[in-house]
Amino acid sequence: MITFDQVSLQYDAKHTALKNMSIHIDKGEFVFVVGPSGAGKSTFVKVLTHELIPESGTVIVNGINITKLKRSKVPYYRRTLGIVFQDFRLLSEKTVFDNIAFVLRVTGAKSREIKERVNRVLDLVGLRNKAKELPSKLSGGEQQRVAIARALVNQPILLIADEPTGNLDSKTSADVLGLLKTTSQKFHQTLVMITHNSEIAQLADRIIRIEDGKIVQ
């Protein structure tokens, strides 16, 4: 699903974000990427989402060389990804239903399909009864479940979770992690989770440790 081959990226003369990184992640794997702050974890995600383009090396995602992706093709590539952030990034003025539906409306999906798919993922994350609520009425764990539903609604092949439990307590974190693992298995998705917490990483199939822009384990 993911191959980094000798990937390097430098922000400026003094700061190298990734240093000759090579890694292979199989389809369907549940992988944690761990390391201290500033290690290069967020840069790794931004390369995967095509927010950053490396200076050298090759990145292949699901058979696509994204280092040579034309700008016009980037939105279509990103639709194959589901992304869950630490800070939820929900639209505060929109209901839970509309936050999730927004992704489908952008792609021109029909109303009936939107309703069916949104309700399906709401059932999956256990929030069907919160569909008409605004995010401000939800707990942190519920908001993160909405963010997960939004990431899943487009049926992505790759799910990326960037510090998804960073703002949650330990019990809610465990619930969110369990949900991510269950949904990725249900939809046969590859799940890459970024965290600085080595303890929760024990749930993964594999742990990749990054330090100073390099894979050290």
Side-chain angles (χ1 to χ4, degrees), residues 1-2 25 27-30 45-53 59-66 68-162 164 175-194:
M1 179 57 68
I2 300 169
I25 296 173
K27 185 176 181 180
E29 263 197 297
F30 180 15
V45 168
K46 288 178 179 179
V47 169
L48 276 179
T49 59
H50 206 272
E51 292 176 66
L52 293 174
I53 302 171
V59 180
I60 308 290
V61 179
N62 197 34
I64 300 170
N65 184 347
I66 66 169
K68 294 185 177 181
L69 202 60
K70 292 181 180 179
R71 184 175 295 181
S72 61
K73 300 292 185 183
V74 172
Y76 299 97
Y77 163 70
R78 286 180 178 158
R79 288 175 193 172
T80 69
L81 310 177
I83 307 173
V84 182
F85 300 98
Q86 177 178 343
D87 54 0
F88 316 141
R89 302 196 187 182
L90 301 177
L91 301 170
S92 60
E93 74 284 0
K94 292 187 179 294
T95 64
V96 166
F97 184 97
D98 287 334
N99 262 279
I100 301 168
F102 183 80
V103 178
L104 297 173
R105 289 180 179 135
V106 168
T107 63
K110 294 181 179 179
S111 296
R112 183 177 177 180
E113 181 187 3
I114 290 173
K115 185 176 181 180
E116 288 176 355
R117 288 172 66 174
V118 172
N119 284 334
R120 192 182 309 139
V121 293
L122 279 172
D123 284 339
L124 192 64
V125 301
L127 289 176
R128 183 73 170 266
N129 63 330
K130 303 283 187 179
K132 296 181 180 179
E133 298 282 5
L134 293 174
S136 60
K137 300 294 184 180
L138 306 180
S139 67
E142 287 172 336
Q143 289 186 56
Q144 192 59 293
R145 284 173 175 265
V146 176
I148 291 169
R150 180 183 57 192
L152 292 172
V153 76
N154 224 18
Q155 299 172 348
I157 55 170
L158 172 61
L159 193 59
I160 302 167
D162 190 0
D175 290 343
V176 167
L177 288 173
L179 177 61
L180 281 167
K181 187 169 187 177
T182 300
T183 54
S184 65
Q185 290 172 341
K186 181 179 177 68
F187 295 112
H188 308 291
Q189 293 163 322
T190 305
L191 173 56
V192 176
M193 188 178 296
I194 312 300

[Y] and [X], any side-chain heavy atoms less than 4.5 Å apart:
X    : Y    : result
V106 : L104 : no
L152 : R120 : no
R150 : R89  : yes
V84  : D162 : no
L179 : I148 : yes
I2   : V192 : yes
D98  : L91  : no

Checklist entry - Who are the ring pair (Phe, Tyr, Trp, His ring centres under 6.0 Å) partners of F30, not counting sequence neighbours? => result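 With sequence neighbours excluded, F30 shows a ring pair (Phe, Tyr, Trp, His ring centres under 6.0 Å) to F32, given in chain and number order.
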Restricting to non-hydrogen atoms, name the atom on [X] and the atom on [Y] that form the minimum distance, rounded to 0.1 Å.
X    : Y    : answer
N99  : K94  : ND2-O, 3.0 Å
K130 : L138 : CD-CD2, 3.9 Å
F88  : A147 : O-CB, 4.0 Å
A109 : I114 : O-CD1, 3.5 Å
G82  : P156 : N-CB, 3.3 Å
L159 : L180 : CD2-CD2, 3.9 Å

Checklist entry - R71: what forms a salt bridge (Lys or Arg N to Asp or Glu O under 4.0 Å) with it, not counting sequence neighbours? => result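 Partners of R71 by the salt bridge (Lys or Arg N to Asp or Glu O under 4.0 Å) criterion come out as none, since no residue qualifies.
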Next on the checklist: Looking at K46, I'd like to know if its NZ atom is crowded, meaning that more than 12 non-hydrogen atoms belonging to other residues, nucleotides or ligands lie closer than 6.0 Å.
Outcome noted: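 Result for NZ/K46: open.
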Quick one: does any side-chain atom of [X] pair with a main-chain N or O of [Y] as donor and acceptor, under 3.5 Å?
X    : Y    : result
Q144 : P164 : yes
S184 : T190 : no
E142 : S139 : yes
N62  : M1   : no
Q143 : S136 : no
R78  : T49  : yes

Checklist entry - Taking the six-membered ring of F102, is NZ or CZ of R105 closer than 6.0 Å to its centre and within 45° of its axis? => result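 Not satisfied by the 6.0 Å and 45° rule.
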Report the distance from atom [atom1] of [X] to atom [atom2] of [Y], rounding to the nearest 0.5 Å.
X    : Y    : atom1 : atom2 : result
N154 : T107 : CG    : OG1   : 5.5 Å
L81  : I157 : CG    : CD1   : 7.0 Å
L124 : R145 : CG    : CZ    : 9.5 Å
R117 : I100 : CZ    : CD1   : 12.5 Å
I53  : K68  : CD1   : NZ    : 13.0 Å
E116 : S111 : CD    : OG    : 11.0 Å

Next on the checklist: Applying side chain to side chain contact (heavy atoms under 4.5 Å, CB included) to R128 and N119, what does each step give before you reach the verdict?
Outcome noted: CA-CA 7 Å; R128 183 73 170 266; N119 284 334; 3.4 Å; yes
Next on the checklist: Does V96 form a side chain to side chain contact (heavy atoms under 4.5 Å, CB included) with L122? I'd like the steps, not just the answer.
Outcome noted: CA-CA 9 Å; V96 166; L122 279 172; 3.7 Å; yes
Checklist entry - Do L177 and M193 pass the side chain to side chain contact (heavy atoms under 4.5 Å, CB included) test, and can you show the C-alpha distance, the side-chain angles, and the key distance before you say yes or no? => result CA-CA 10 Å; L177 288 173; M193 188 178 296; 3.2 Å; yes
